[in-house]
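Notes to accompany the following structure.
Please read all numbers here as calculations on a predicted model, not as lab measurements. All values below were derived from every heavy atom in this structure, side-chain atoms included, with hydrogens, water molecules and symmetry-related copies excluded.
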Amino acid sequence: MANEIPACKNAGRGEVSCRKGSTDLKLVTKASAIGLPLAATAAAAVVSLDKAREAKSADAAFASAPETRGPATGPLRVHPENPRYFMDESGKAILLTGSHVWNNLQSIDPNRYTGGFDEGQEIPPMGTGTSDAEVDFDAYLRFLRERNHNFIRLWAWEQATWLPFTAEKVRIDPIPFLRIGPGKAVDGDLKFDLTRLNQEYFDLLRDRVGAARDEGVYVSVMLFQGWSLDSKNDLGNPWPGHPFHRDNNINGIDADRDGDDQGTELHTLGDPAITALQEAYVRKAVDTLNDMDNVLWEISNESSKTSIQWQYHMVNFIKDYESGKPHQHPVGITVCFPDGDNLSLAESPADWISPNSTEEEDYRDNPPAADGTKIIIADTDHLFGVGGDKAWVWKTFTRGLNPVFMDPLDHPPVRRQARRAMGHVLSYASRMNLAAMTPRGELVSSGFCLASPGEEYLVYVPVKVFDLGSGLILSRVEGKLTNISNRLLKRSVTVDLSEASGRFLVEWFDPSTGETTRGETVESGSSRTLKAPFLGDAVVYLQKEA
């Protein structure tokens, strides 16, 4: 889950609590407090440079974005010729990219975990109306559509009360089981009947997925939630608010078999009665959405590492159950937390996976190229919590991955630019013959390239960023601790065209402004060095002349 939710909560208070793998870090976010006045000055200069450049183009108006997009079509299938991507019903390869937020299905009350759709505009609560204001899911979809996004994770929470990242009493509504008693649960409301499913939840699920489909947005439907079972060593404990807590249901179910007041055993195969109840819930979800073209199934968000065999079981259960229905949808799993490993994802029966970042597989700063073994949805949720920037989006895209952004929907320039970058890469993915494009970093001096050699090359040329020993970008100085000497130089890149023939059209794209510039046509037959016509990081697109 978003390991950095406390970072959102405490932003502006001078200190942000973060995680990097299993290590807790403390980052002081006020530039005046970190003892780096020169770095802060440099950051401010870069912010001014970027703001001046961004002023030349509106936040959502990028040159190559399609003006219209119809409903999402599918169901998606793994592309048989390029299994790094899905394809729709027409056979077109589909890149998935977009912003998701923790309460885009259920309401979280008090509603503390979202910011604003745009500067000065507050986000309406993304829930069902139990907060002070009514939901405006349509506004959320417009936010995605205006930025040319085509994918969200639809977050599901299993507990009715309490969250792991706050000690406050927080309500979540609706959830899949009816609260009809008799008797009172720990939170003071009626107990659950685990054999009675809540139709309101499934109606809401269908409404949200249908609305997203009509806007051309694919939806990863989250079925279970690892952050609903235990404290994850954080501030609160959601387990006392869970329906499968022994004091919260009328069915005699107690998933906390070891009595430690944590429910991680729920996401295992240790109790056949519990597994049967979970399967009944999954069947209901599948029945509710089987006819929807834009569905991907997601077993659980960051369950404990003890859950992996249970997750495999649920993947196979959905595949078996949908095999007898009109539609079959992709099924995915995300890395376990804490201490999850990417190998368990690669060895799974899932169609798509979301890994974490390790020393061997640095999905944060130098993503490994996708080899097509699994479709990889690279989600900042599992890499940073809340983090990532436009450079991360372009690096991820040019390594054959699908970049997805855990988004608190607030206003720092680093996040505005990341949102725009996802729309930009989707525009290029739509223009190119994506099914023929594979990561070919060895063909370019920058190391970041998608190519159909001899036909098309999309190259990203990054700039260097100060590490500060943490690998994280400090949001308080808005992610701009960038090497000024690099930012004030125009970037150049060498592209190996030695095995190509003919001439190539050249297009430069400025990731900061969204503007394109026509370059001089180049001859193939050898390596060519190209120089960007603007400052900062750059994208260059080469297409064989007809």
Do [X] and [Y] have a side chain donor and acceptor closer than 3.5 Å?
X	Y	answer
D109	S107	no
H329	E322	yes
N237	S231	no
N366	R399	yes

Only one of L345, T334, V335, L343 passes side chain to side chain contact (heavy atoms under 4.5 Å, CB included) with P355, and that residue is L345
Donor-acceptor pair, distance only, cut-off 3.5 Å: does the side chain of [X] make one with the backbone of [Y]?
X	Y	result
N148	G423	yes
D362	T358	no
H382	N356	no
N290	H327	yes
K232	F337	yes
K395	P462	no
W227	F165	no
Q159	P238	no
D207	G210	no
N402	I376	yes

Under the criterion side-chain hydrogen bond (donor to acceptor under 3.5 Å, both in side chains), I'd like the reasoning laid out for Q417 against D389: C-alpha separation, chi angles, the key distance, then a yes or no.
CA-CA 7 Å; Q417 292 172 6; D389 54 15; over 6 Å; no
I'd like to check [X] versus [Y] (side-chain heavy atoms, cut-off strictly below 4.5 Å). Are they in contact?
X	Y	result
L76	N294	no
I152	N104	yes
T396	P367	yes
Y312	S344	yes
L426	F397	no
M314	E279	yes
T97	H149	no
F244	N248	no

Test log, rule side chain to side chain contact (heavy atoms under 4.5 Å, CB included), inputs I172 and T161: CA-CA 6 Å; I172 299 169; T161 314; over 6 Å; no
Taking 4.0 angstrom as the limit, do [X] and [Y] come out as a salt bridge?
X	Y	value
R246	D256	yes
R153	D379	yes
D410	R415	yes
R77	D351	no
R171	D187	yes
R419	D407	yes

Review point. Going through the distances and angles, do S304 and C336 end up as a side chain to side chain contact (heavy atoms under 4.5 Å, CB included)?
Key: CA-CA 5 Å; S304 168; C336 296; over 6 Å; no
**Request:** Determine, stepwise, if the pair D247 / K191 fulfils salt bridge (Lys or Arg N to Asp or Glu O under 4.0 Å).
**Result:** CA-CA 8 Å; D247 295 328; K191 289 186 176 183; 5.9 Å; no
Is the distance between the ring centroids of H79 and F86 less than 6.0 Å?
no
Separation between CZ (R84) and OG1 (T373), nearest 0.5 Å, reads 9.0 Å
May I ask you to decide if the ring planes of Y140 and F143 are parallel, tilted or perpendicular, using 30° and 60° as cut-offs? parallel
Residue pairs meeting salt bridge (Lys or Arg N to Asp or Glu O under 4.0 Å), one or both in residues 281-296, sequence neighbours left out, come to R206-D291, D287-K325
Next on the checklist: Can you confirm whether more than 12 heavy atoms, excluding those of K305, are under 6.0 Å from its NZ atom?
Outcome noted: no
**Study point:** Stepwise side chain to side chain contact (heavy atoms under 4.5 Å, CB included) check, Y85 with L96
**Key:** CA-CA 8 Å; Y85 305 106; L96 297 176; over 6 Å; no
Hits for salt bridge (charged side-chain N to carboxylate O under 4.0 Å, His left out) against E158, two or more places apart or cross-chain, chain-then-number order -> none
Take Q278 and W310 through the test side chain to side chain contact (heavy atoms under 4.5 Å, CB included) and record every step on the way to the result. CA-CA 11 Å; Q278 292 170 327; W310 170 83; 3.0 Å; yes
Answer yes or no on whether R196 is positioned over the face of F177, meaning its NZ or CZ is under 6.0 Å from the six-membered ring centre and within 45° of the axis. no
Identify whether NZ of Lys or CZ of Arg in R208 sits under 6.0 Å from the centre of the six-membered ring of F137 and within 45° of that ring's axis.
yes
Evaluate the ring pair (Phe, Tyr, Trp, His ring centres under 6.0 Å) criterion for residues F224 and H267: first the C-alpha distance (whole Å), next the side-chain angles of each, then the deciding distance (0.1 Å), finally the verdict.
CA-CA 9 Å; F224 299 95; H267 290 178; 5.7 Å; yes
